[in-house]
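Below, all heavy atoms of this structure are taken into account, side chains as well, without hydrogens, waters or symmetry copies. Chain identifiers are assigned alphabetically (A, B, ...) following the order of the sequence lines, protein sequences preceding nucleic acid strands; residue numbering begins at 1 within each chain.
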2 protein chains.
Amino acid sequence: MNAIRTEIKLDAQRTVFFQEDPADYLYNVTDGNVRVSKMLADGRRQVTGFLFPGDFLGLSLNGRYAYTAEAIRAVTLCRFPREKLESLFADITVLSQRMLTIASNELVSAQDQMLLLGRKSAMEKVASFLLSLSERAIARNEPADPIYLPMARTDIADYLGLTVETVSRTLSHLVKSGVLTLSTATEIVVLDRAHLLDIADGNLSDTNYL
Amino acid sequence: MNAIRTEIKLDAQRTVFFQEDPADYLYNVTDGNVRVSKMLADGRRQVTGFLFPGDFLGLSLNGRYAYTAEAIRAVTLCRFPREKLESLFADITVLSQRMLTIASNELVSAQDQMLLLGRKSAMEKVASFLLSLSERAIARNEPADPIYLPMARTDIADYLGLTVETVSRTLSHLVKSGVLTLSTATEIVVLDRAHLLDIADGNLSDTNYL
DNA sequence: CGAATTTTTGATGTCTGTCAACTCCAGTGG
DNA sequence: CCACTGGAGTTGACAGACATCAAAAATTCG
């Protein structure tokens, strides 16, 4: 591995890489500290980790970094080109390759969930949740439109870091404002998906809904 | 893999496994839904995921499950003995094995962070944060006692889902109550570690500190 | 149909956020 | 050497989003 390694030194406050940049490298912290974070459009930030010497970074989803990494103070990093790194993995089984893919996908969604829990309002949380359920249904080749909620309101609340009452009120408000319809308590029809997307991403100024 | 697979069927509300159980199996959801969660001593719960057909579960840290998994509704699972599964990985390189270990450790701490963000009070968040910094210092063979804070208060706030003001106030309160001393703004001496641990785990009833 | 559970709705409280001012400290230059 | 400056951290007053407590409405299930 030493053959493909490059040592990188960065001053404090420098960016290692930005979220959405092509994920061409994997890094290992040698000295100093790195801050890993995600941002919402309006600037709200969720720091998902602080890295110390020995820690790795460079997690990607479909070839792009899933977060921004910045030096808290002067930092030394070992950089490995992902492409060359993958040739070192050439011999590994399809099975363990899949395991790694699964693990890194789960990590990406874990970080999205941290952003949700730490920085989103109740309304944004619920909207994000409904959309993610819808997207996962599509991934399983199921219809996206009537969103099926197999879990109880209590479970949703504990997933979103809210109370049952707030989840219920928020859903009611979305119904009243014409974004959704509850055909039954466990089945939701989205009437205005664009609006729901705007709410989820925090692009809406009218954030106090209840 | 089919040779070592066992099909498991569970009724709604049944437990697949409990957090801290020996992690002898890896599971794959075939049908139905599973809820994955962590709990604090006083019953506060953080659901870290809802699983649909195709999803995997059974993440472990040092041989024990890192969370509790329960059937939301009747569920069918494929169960793989971890021991036998590992023999299928026998041929893979030490490198990719380490990658998997790193990824799964990161997932475990991501879930701890979700519990923190979703269900802990400001005081519990700060206490947990200081202790985790201390523990990571130990893991790097550094002293645990004077906790070094390389990051700004803003970064801590964005990591814990709080504001700078709340982080500052909370630290001040810990100083006033004799749990800590701030030698400088970036260096903390813990005076009563037991108390800090109790606060972090939510074992203290006097939760309104500010 | 009736009891139990889940969901929804309402009234009130509080933890943490917001806005603002003050303090502390590092760096700069006179 | 020390006043000046700007950013980071702390403290205070007040406000608001969500929690808590309580009860009604809807749904489930024997």
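Ring geometry, B:Y65 versus B:F17: the interplanar angle falls under 30°, so the pair is classed parallel (tilted spans 30 to 60°).
Taking atom CG on A:L180 and atom C1' on C:dT7, their separation rounds to 16 Å, with Å as the unit. Between B:R44 atom CZ and D:dT20 atom C1' the separation is 14 Å, expressed in whole Å. Atoms CZ (A:R119) and C1' (C:dT16) sit 11 Å apart, rounded to a whole Å. Atom NZ in A:K120 sits roughly 18 Å away from atom P in D:dA17 (whole-Å rounding). Rounded to an integer number of Å, the gap from A:I156 CD1 to C:dT8 P is 9 Å. C:dT14 atom P lies 16 Å from atom CD of A:E165, rounded to whole Å.
For A:R45 and B:D155, the salt-bridge test passes: some basic side-chain N is under 4.0 Å from an acidic carboxylate O.
Contact annotation for A:S172: backbone-only contact, meaning every heavy-atom pair under 4.0 Å involves sugar-phosphate atoms and none involves a base. Residue-level contact check: A:L171 touches neither bases nor backbone, having no heavy atom under 4.0 Å from any strand. Using a 4.0 Å heavy-atom distance criterion, A:L182 is classed as a sugar-phosphate-only contact.
If you check D:dC18, C:dT9, C:dA20 against the side chain of A:S168, the one that comes closest is C:dT9. In the set D:dT11, D:dG9, C:dG17, D:dG9 carries the atom at the smallest distance from any side-chain atom of B:T154. Checking D:dG12, D:dA19, C:dG10 against every side-chain atom of A:L162, the shortest atom distance belongs to D:dA19.
If you check distances only, the side chain of B:R153 never reaches the base of D:dT11 with a donor-acceptor pair under 3.5 Å. Interface remark: the A:R169 side chain does form a donor-acceptor pair with the C:dG10 base, using a distance-only criterion of under 3.5 Å.
OP1 or OP2 of D:dA19 sits under 4.0 Å from a side-chain N or O of A:T166.
In the displayed structure, A:R14 atom CZ is contacted under 6.0 Å by at most 12 heavy atoms of other residues, nucleotides or ligands.
A heavy-atom distance below 4.5 Å is not found between the side chains of B:V126 and B:H173.
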